[in-house]
Amino acid sequence: ADLGIFAGATGINFAHEMMHRTGRTERALAELLMASVTYPWFCTEHVYGHHKRVATADDPATSRLGESLYAFLPRAMVGGFRSAFDIERARLAKRGRGMLHPTSRILRGTLTLVALYGAAFMWRGLPGMAAVGGIGLVAVLLLETINYIEHYGLVRQEQTGADGRQRPEKVRPHHSWNSSHRVSNFMLINLARHSDHHAHAARSWEQLRHLDDSPQMPSGYGAMVLLSFVPPLWFMVMDPRVAAWRANFHVDSEDIEPAPMT
């Protein structure tokens with residue numbers, strides 16, 4: 001089981017890299033890897049939802065100031081599925097198609113999960129299905145915990161466009177927490193250089209740079225993940241850094257509130 005959990009977490013990291021590529025093969029492999037941890041819709045939500053709405057109230061994968069990890073996780077997981085479903089439904093509707101059309105990514109992911117759990121049942125019965133589900137749950141909880149630490153308390157301010165409409169400002173490096181600690185980036189193929197990743201999502205992992213003007217985590221991902229497990233300690237360490245970030249970037253509006261779970 002430990003080996004399966006490690007493989008699942010590692011697979012997510014490589015899936016994240018491939019889902020940002022333009023080739024069909026890479027994206028198909030990303031979907032398969034995410035399906036292996038029972039989270040295939042993450043590919044749709046992450047690329048077309050999170051990267052567009054990061055650091056706004058509409059993004060379920062952005063943690064709010066004062067929000068604990070344990071409040072964030074169910075909101076991110078449920079909200080991520082809803083986001084992926086809505087994104088795919090809108091994409092298909094533009095082409096005059098429904099969610100059951102063969103090109104539906106949600107349908108494709110669901111059928112892949114049916115095949116995966118069916119194979120697990122044939123292999124070991126209900127315990128086999130439980131093992132696949134348990135491995136996926138641990139891997140996904142780790143994924144969303146990393147999401148939690150990567151954007152905690154950071155917000156994009158609203159700006160008025162030429163048409164008079166209010167829109168969030170452009171995503172910039174200072175909208176993601178960065179970590180240039182060597183161990184984190186070695187193990188996660190530079191994912192911890194997250195500020196550059198969000199500013200330039202198409203940039204491959206080996207091209208990601210450390211940016212001095214991005215907000216810096218006080219430690220690597222391993223220590224920050226462990227810290228997030230104890231909310232009072234997390235708030236004690238990170239809330240002053242969020243306050244300093246807001247003062248530096250002249251963010252004078254009150255923090256966005258968690259999206260309601262309706």
What residues form a ring-ring contact (aromatic ring centres under 6.0 Å, His included) with Trp177, not counting sequence neighbours? none

CE of Met18 to CG of Asn13: how many Å apart, nearest 0.5 Å? 10.0 Å

Grab the two heavy atoms, one from Ile12 and one from Ala139, that are nearest each other, plus how far apart they are. CD1-O, 3.6 Å

Taking the side chain from Ser83 and the backbone from Gly80, do they hold a donor-acceptor pair closer than 3.5 Å? no

Do Ile87 and Phe85 share a hydrophobic cluster, counting only Ile, Leu, Val, Met, Phe, Trp and Tyr and linking them when any side-chain heavy atoms are less than 4.5 Å apart? yes

Nearest-0.5 Å distance that lies between atom NE2 in His210 and atom OG in Ser180: 4.5 Å

Same cluster (ILVMFWY, side-chain, under 4.5 Å), Val140 and Leu191: yes

Under 3.5 Å, is there a donor on one side chain and an acceptor on the other for Arg91 and Thr44? no

May I ask you to test the Val155-Arg246 pair for a side-chain heavy-atom distance under 4.5 Å? yes

Residues 112-138, side-chain donor-acceptor partners within the protein, below 3.5 Å, at least two apart:
| unit_1 | atom_1 | unit_2 | atom_2 | d |
| --- | --- | --- | --- | --- |
| Thr112 | OG1 | Arg108 | O | 2.8 |
| Tyr117 | OH | Thr38 | OG1 | 2.7 |

Between Gln216 and Leu211, is there a donor-acceptor pair closer than 3.5 Å when you use the side chain of the first and the backbone of the second? yes

Without swapping roles, check the side chain of His151 against the backbone of His175 for a donor-acceptor pair under 3.5 Å. yes

For Val37 and Phe42: C-alpha separation, side-chain torsions, deciding distance, then whether side-chain contact (heavy atoms from CB on, under 4.5 Å) applies. CA-CA 10 Å; Val37 294; Phe42 179 78; over 6 Å; no

Can you check side-chain contact (heavy atoms from CB on, under 4.5 Å) on Ile149 and Met238, steps first, answer last? CA-CA 9 Å; Ile149 70 174; Met238 292 303 297; over 6 Å; no

Distance-only check: which donor-acceptor pairs under 3.5 Å involve side-chain atoms of residues 225-234, not counting sequence neighbours?
| unit_1 | atom_1 | unit_2 | atom_2 | d |
| --- | --- | --- | --- | --- |
| Ser228 | OG | Val225 | O | 2.6 |
| Trp234 | NE1 | Tyr148 | OH | 3.2 |

How about His50 and Asp59: does a side-chain donor come under 3.5 Å of a side-chain acceptor? yes

Looking only at the side chains, is there a donor atom on one of Ser104 and Arg97 sitting less than 3.5 Å from an acceptor on the other? no

Within the 4.5 Å heavy-atom criterion, are Phe235 and Ser68 side-chain neighbours or not? yes

Between Ile146 and Glu144, is there a side-chain heavy-atom distance shorter than 4.5 Å? no

Report yes or no: do Asp239 and Tyr152 form a side-chain donor-acceptor pair below 3.5 Å? yes

Pairwise side-chain contact, Thr103 with Leu92, heavy-atom cut-off 4.5 Å (strictly under): yes

In this structure, CD of Gln157 is separated from CZ of Phe249 (nearest 0.5 Å) by 11.0 Å

Specify the closest pair of heavy atoms between Ala55 and Thr62, including all atoms of both residues, with the distance to one decimal. N-OG1, 3.0 Å

Residues 183-202 vs salt bridge (Lys or Arg N to Asp or Glu O under 4.0 Å), sequence neighbours excluded, gives Asp196-Arg203, Asp196-Arg209

Looking at Arg82 and Glu45, is there a salt bridge between them, counting it only when a charged N and a carboxylate O are closer than 4.0 Å? no

Salt bridge check: are Glu88 and Arg105 linked by an N-O gap of less than 4.0 Å? yes

Verdict with supporting geometry, His46 and His16, side chain to side chain donor-acceptor pair (under 3.5 Å): CA-CA 9 Å; His46 180 79; His16 172 258; 3.1 Å; yes

For Val237, is there any backbone N or O sitting under 3.5 Å from a side-chain donor or acceptor partner on Arg241? yes

Could you work out the complete set of other residues in the hydrophobic cluster of Val54, with links drawn between I, L, V, M, F, W and Y side chains under 4.5 Å apart? Val171

Can a donor-acceptor pair be found, under 3.5 Å and without considering hydrogens, that links the side chain of Asn190 to the backbone of Trp205? yes

Non-hydrogen side-chain atoms of Cys43 and Glu31 separated by less than 4.5 Å: yes

Distance check, rounded to the nearest 0.5 Å: Arg75 atom CZ versus Glu67 atom CD? 4.0 Å

Proximity of His197 and His51 rings by center, below 6.0 Å: yes

Do the side chains of Tyr39 and Leu107 join up, straight or via other hydrophobic residues, at under 4.5 Å, putting them in one cluster? no

Student check: side-chain heavy atoms of His174 and Ser214 closer than 4.5 Å: no

Same cluster or not: are Leu111 and Leu33 linked, directly or through other Ile, Leu, Val, Met, Phe, Trp or Tyr residues, by side-chain heavy atoms under 4.5 angstrom apart? no

Over all heavy atoms of both residues, which pair between Arg64 and Ala57 is shortest? Give the atoms and the distance, please. NH2-O, 3.0 Å

Sub-3.5 Å donor-acceptor pair from the side chain of Asn178 to the main-chain atoms of His194, do we have one? yes

Spacing of CZ belonging to Arg53 relative to CG belonging to Asp58, to within rounding of 0.5 Å: 6.5 Å

Taking the side chain as every heavy atom from C-beta outward, state whether His198 and Ser176 have any pair of such atoms under 4.5 Å apart. yes

OG1/Thr145 to CZ/Phe72 distance, rounded to the nearest 0.5 angstrom? 8.0 Å

Minimum side-chain heavy-atom gap Met19-Met34 below 4.5 Å: yes

Taking all non-hydrogen atoms of both residues, which atom of Ser219 and which atom of Ser179 are closest, and how far apart? O-OG, 3.4 Å

Sequence-distant partners of Phe81, ring-ring contact (aromatic ring centres under 6.0 Å, His included), two or more places apart: Trp41

Do Glu169 side-chain atoms and Arg156 backbone N/O form a donor-acceptor pair below 3.5 Å? no

Salt bridge check: are Arg21 and Glu17 linked by an N-O gap of less than 4.0 Å? yes

